[in-house]
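Here the structure comes first, spelled out in structure tokens, and everything after it is commentary.
Small disclaimer: the values here were computed from a predicted structure and weren't measured. Ligands are counted one by one from 1 in listed order, and the atoms in each one are counted from 1 as well.
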Amino acid sequence: MKTTIFKDERTLARTLAVQIAAALGPRPTSILGLPTGRTPIRLYRELGTLHAHAQADFSQATTFNLDEFLGIPPEHPGSYRSFMQEHLFSKVNLQPERINFLSGVAPDPDAECRRYEAAIEAAGGIDLQLLGIGTNGHIGFNEPARELAGPTHRVTLKASTRRANAALFGGDAEQVPREALSMGMATILHAKRIVLIATGKSKARCIARLVNGPITPKLPASFLQVHRDVELMLDAAAAEALAVRA
Ligand code: PGA
């Protein structure tokens, strides 16, 4: 795995945004896999700025988001769809029909997961999958467990994950849905290229385990070790435990 360490979060976000915009130049129809969370907010802001300066064109790009809460509609202020609308979709020129999302209110959630897998395949697969990482090593909503699911699937959220998402629900973790739909480990690992971004000291330990530890479902992100084209983009704080070991 390639690891790139940036002096701060802003430099990381800016560099990655410029790379994504540059890649869209020769390949305007790229398929992007997108995460939510605090970490990508700066990246999305930088992409919005590049677009405002006519330096990033998303007009032919397609996106697939990683996950969505079950039981709330897309227009709910706590939905990941609303998060993306606020932080990215309203700031760039993606065509609405090329924005793909799991529906939290699909009548048959399992059928919805199958529909999503088929849509990714029909689009030709994900070219660039962007990922954040939870402090427990989760990616998407693939939480540490004895077994991990391959395809897009329905998940029960851990209390810690519901607490981490409380801000989207007025600060009340009890309001965070108990279930979600998420791309699975195979969905993620089938992407042609993966870039995981992590910033801040709270991520230092899971990043060190991801880079130096064994592949284990106890740290879902450790499966990224098997992928040929993964880059970890870290700020100095998230890379801290790597430096100590080196
Ligand atoms: P964060 O979440 O960016 O808010 O830290 C990352 C994640 O849980 O995937």
Legend entry - Crowding at NE2, His51 (>12 non-hydrogen neighbours, <6.0 Å): yes
Inset, instruction - Could you list the atoms of ligand 1 found under 4.0 angstrom from a heavy atom of Gly37? - result: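 Listed by number with element: 3 (O), 4 (O).
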To which protein heavy atom is [atom] closest, and what is the distance rounded to 0.1 Å?
atom: atom 5 (O) of ligand 1; value: Lys203 NZ, 2.6 Å
atom: atom 4 (O) of ligand 1; value: Arg38 N, 2.8 Å
atom: atom 3 (O) of ligand 1; value: Thr39 OG1, 2.4 Å
atom: atom 7 (C) of ligand 1; value: His138 NE2, 3.4 Å
atom: atom 6 (C) of ligand 1; value: Ile133 O, 3.4 Å

Inset, instruction - Under the side-chain contact (heavy atoms from CB on, under 4.5 Å) rule, what do Met84 and Tyr44 come out as? Steps first, then yes or no, please. - result: CA-CA 9 Å; Met84 291 303 299; Tyr44 294 154; 3.7 Å; yes
Inset, instruction - Would you check the N or O atoms of Thr36, main chain and side chain alike, for any that come under 3.5 Å of an N or O of ligand 1? - result: no
Is it true that [X] and [Y] make a salt bridge, defined as a side-chain N closer than 4.0 Å to a carboxylate O?
X: Glu231; Y: Arg193; answer: yes
X: Lys201; Y: Glu240; answer: yes
X: Glu46; Y: Arg14; answer: yes

Inset, instruction - State yes or no: are the ring centers of Phe69 and Phe169 separated by less than 6.0 Å? - result: yes
